[in-house]
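Structure, as structure tokens:
Positions are given from 1 along the sequence.
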Amino acid sequence: MSRTSAPAPVDQQADAPLSHGLKQRHLSMIALGGVIGAGLFVGSGAGIAAAGPSIVIAYAVSGLLVMLVMRMLGEMSAANPASGSFSVHAERAIGPWAGFTAGWAFWFLLCVAVGLEGIGAAKIMTGWLPGTHEWAWVALFMLVFCGTNLAAVKNFGEFEFWFAAIKVGAIALFLGIGALAILGILPGTDAPGTANLTGEGGFLPNGTEGLVVGLLASVFAYGGLETVTIAAAESEHPVQGVAKAVRTAMWRIAVFYIGSMAVIVTLVPWGDPKVVEKGPYVATLDHLGIPAAGQIMNVVVLVALLSAMNANVYGASRMACSLVARGQGPRALGRTSGGVPRTAVLVSSVFGFLCVLLSYWRPNDVFTWLLNMIGAIILVVWIFIAVSQLVLRRRTEREDPSKLVVKMWLYPALTWVALAGMVAIFVLMAREPDTRTQLYYTGGLTVALAAVGYVRQVRARRVGAAG
């Protein structure tokens with residue numbers, strides 16, 4: 001990062017000179033569809049294979065933690081809307097080093113995720129069109145979403161509005177078909193009862209170890225909810241928008257995630273290899289004899305991946321722009337034109353495409369190294385959110401209680417419960433060989449960023465004192 005002058009306190013400084021082109025319908029649909037990603041459609045299969053029917057409990061527990069995190073983030077974002085979201089809150093509550101660490105770690109996570117989602121979408125396209133090259137599809141997707149994000153923010157909002165509408169419609173249809181099948185009303189099916197929930201080893205077929213693996217898989221499937229608080233800063237009514245989005249988080253999580261898992265494990269034997277091979281949703285629709293189930297879900301998964309690419313390019317560019325506006329990065333990244341941080345969009349897109357190239361050039365070392373580094377970043381971000389909320393809630397109550405449009409439930413008890421839950425997940429990750437490596441790499445990245453952020457903070461303080 002380039003040297004900058006001492007940053008002004010974030011309370012007294014504009015976050016970033018962005019436009020306010022997102023309408024309430026955009027923000028509402030981003031909030032509604034942001035929770036539905038490829039992690040749910042595809043990644044949940046590994047969790048089901050490990051935990052069996054108890055995956056419902058795993059998603060319920062991790063969903064409760066996510067709801068608490070979103071409530072905390074909603075409280076702070078409604079009180080002080082900012083495109084830097086939790087990075088701004090961490091800086092205000094803990095110090096510039098915390099805002100630097102949380103912001104750049106999240107930027108890195110989003111950029112690598114853009115590459116991963118591009119690879120996943122390209123694999124679907126080459127399956128439909130054999131003989132085409134994956135890199136060409138990724139390049140096309142990058143150009144499209146880089147272009148939409150370089151234009152006015154309303155273009156991003158429109159893309160996400162329709163992407164989210166398709167995902168929400170697909171989940172609603174799946175849940176409706178599943179409910180009819182469970183009740184025995186769907187033609188050609190019999191009510192399964194509890195046979196799949198209690199048979200084949202029972203509700204906990206692999207014991208608590210299987211439940212732990214399912215819990216870890218479910219935690220990381222919830223990533224993406226944070227984008228709505230970033231987008232809120234560019235909406236017509238930021239405070240009301242983020243407040244409404246957060247208040248609907250509970251039923252969205254309950255219906256989409258926990259409801260889906262309950263339908264799947266009730267209808268399909270958890271040990272069916274198709275659950276992992278084809279994905280749990282395709283396996284369920286195949287089991288019910290729905291024609292062309294695989295291709296239907298491939299379209300939905302493709303939409304989910306493209307939606308995530310679009311949202312992550314947006315989120316990464318806004319986070320970078322906010323960091324620069326607070327003196328936490330190279331000034332060139334913060335240049336805006338027409339209310340859009342175009343340089344940040346380009347850099348974030350190029351970094352994402354570089355990750356794709358690394359997956360082809362160095363799949364066994366460099367790319368694996370990148371994947372391990374982002375493994376637990378979302379948990380690091382959540383810890384910053386919880387600690388920031390503990391500090392800022394007291395400060396806001398003292399300085400301006402009217403800003404508390406959204407309030408954390410049972411403060412501070414539930415904030416401490418959430419923090420304890422995050423620490424427990426870290427402990428569980430350390431026990432599992434597959435996740436232990438991710439924990440070490442993520443920890444290394446976090447410590448390195450914190451060290452750089454702290455040195456910058458000390459240097460800025462000395463410059464300020466000398467001036």
* Using a 4.5 Å cut-off on heavy atoms from C-beta on, say whether the side chain of I55 contacts that of S44. => no
- Could you check M429 against R436 for side-chain contact (heavy atoms from CB on, under 4.5 Å), going step by step and ending with a plain yes or no? CA-CA 5 Å; M429 288 186 72; R436 190 182 300 135; over 6 Å; no
side-chain hydrogen bond (donor to acceptor under 3.5 Å, both in side chains) pairs touching residues 109-118, sequence neighbours excluded, are E117-N312
Residue pair L40 / M261, side-chain heavy-atom distance below 4.5 Å
yes
Taking every heavy atom of C355 against every heavy atom of C111, the minimum-distance pair comes out as SG-O, 4.3 Å
Contacts of L173 meeting side chain to side chain contact (heavy atoms under 4.5 Å, CB included) (sequence neighbours excluded), chain-then-number -> I177
(message) Between L73 and H89, is the side-chain contact (heavy atoms from CB on, under 4.5 Å) condition met? List the steps.
(response) CA-CA 9 Å; L73 185 55; H89 308 321; 4.0 Å; yes
Legend entry - Test log, rule side-chain contact (heavy atoms from CB on, under 4.5 Å), inputs I385 and M76: CA-CA 9 Å; I385 289 172; M76 295 184 291; 3.8 Å; yes
Subject >> Expected output: side-chain W270 to main-chain E200 donor-acceptor under 3.5 Å >> reply: yes
Across all chains, not counting sequence neighbours, the side chain to side chain contact (heavy atoms under 4.5 Å, CB included) partners of E432 are E209, V212, V213, L216, T435
Applying salt bridge (charged side-chain N to carboxylate O under 4.0 Å, His left out) to R335 and not counting sequence neighbours gives none
Correct closest heavy-atom pair for P341 and T336 would be CA-CG2, 3.9 Å
Q: Might you work through the ring-ring contact (aromatic ring centres under 6.0 Å, His included) test for F145 and Y314, ending with a clear yes or no?
A: CA-CA 9 Å; F145 295 124; Y314 170 83; over 10 Å; no
Any non-hydrogen side-chain atom of M422 less than 4.5 Å from a side-chain atom of I425? no
Shortest non-hydrogen pair, A418 vs L68, comes out as CB-CD1, 4.0 Å
Please tabulate, for the side chains in residues 120-129, all donor-acceptor contacts under 3.5 angstrom to protein atoms that are two or more places apart in sequence or on a different chain.
| unit_1 | atom_1 | unit_2 | atom_2 | d |
| --- | --- | --- | --- | --- |
| K123 | NZ | E134 | OE2 | 3.4 |
| T126 | OG1 | A122 | O | 3.1 |
| T126 | OG1 | K123 | O | 3.0 |
| W128 | NE1 | Q295 | OE1 | 2.6 |

Those residues at least two apart in sequence (or on a different chain) that pass side chain to side chain contact (heavy atoms under 4.5 Å, CB included) with F353 are V138, A139, M142, L357
With the side chain counted from C-beta on, respond yes when N149 and V340 share a heavy-atom pair under 4.5 Å apart, and no when they do not.
no
Show the atom names and distances, to 0.1 Å, of all donor-acceptor pairs under 3.5 Å that link a side chain in residues 369-383 to residues at least two apart or in another chain.
| unit_1 | atom_1 | unit_2 | atom_2 | d |
| --- | --- | --- | --- | --- |
| N372 | ND2 | T368 | O | 3.3 |
| W382 | NE1 | E226 | OE2 | 3.1 |

Distance-only donor-acceptor pairs under 3.5 Å for side chains of residues 345-352, two or more places apart:
| unit_1 | atom_1 | unit_2 | atom_2 | d |
| --- | --- | --- | --- | --- |
| S348 | OG | W107 | NE1 | 3.1 |
| S348 | OG | A344 | O | 2.8 |
| S349 | OG | V345 | O | 2.9 |

Note: L285 and A293 closest approach over all heavy atoms is CB-CB, 3.3 Å
Across all chains, not counting sequence neighbours, the side chain to side chain donor-acceptor pair (under 3.5 Å) partners of R362 are D365
Output, in order, the C-alpha distance, side-chain angles, deciding distance and verdict of side-chain contact (heavy atoms from CB on, under 4.5 Å) for V301 and L305. CA-CA 6 Å; V301 172; L305 287 165; 4.0 Å; yes
Smallest heavy-atom separation, P53 atom then L197 atom, equals CG-O, 3.6 Å
So the side-chain hydrogen bond (donor to acceptor under 3.5 Å, both in side chains) pairs with at least one residue in residues 49-73 (sequence neighbours excluded) are S62-S218
Review point. Going by heavy atoms in the side chains, are L186 and T189 under 4.5 Å from each other?
Key: yes
Verdict with reasoning, R318 to S322, per side-chain hydrogen bond (donor to acceptor under 3.5 Å, both in side chains): CA-CA 6 Å; R318 267 50 179 187; S322 172; over 6 Å; no
Residues passing the side chain to side chain contact (heavy atoms under 4.5 Å, CB included) test with T101, sequence neighbours excluded, are W97, F384, T446, L449, A450
Indicate yes or no for a side-chain donor-acceptor contact from N196 to the backbone of T266 under 3.5 Å, with no hydrogens or angles considered. yes
Between L110 and A316, the two heavy atoms sitting closest are CD1-N, 3.3 Å
Discussion item. With a 4.5 Å cut-off on side-chain heavy atoms, are F86 and M319 touching?
Written reply: yes
Residue pairs passing the side-chain hydrogen bond (donor to acceptor under 3.5 Å, both in side chains) test with at least one member in residues 274-288, sequence neighbours excluded, are S260-Y281, K278-D286
Is there a side-chain contact between N80 and V88, using heavy atoms and a 4.5 Å cut-off?
-> no
TODO: For residues T132 and W137, determine if any side-chain heavy atom of one lies less than 4.5 Å from a side-chain heavy atom of the other.
DONE: yes
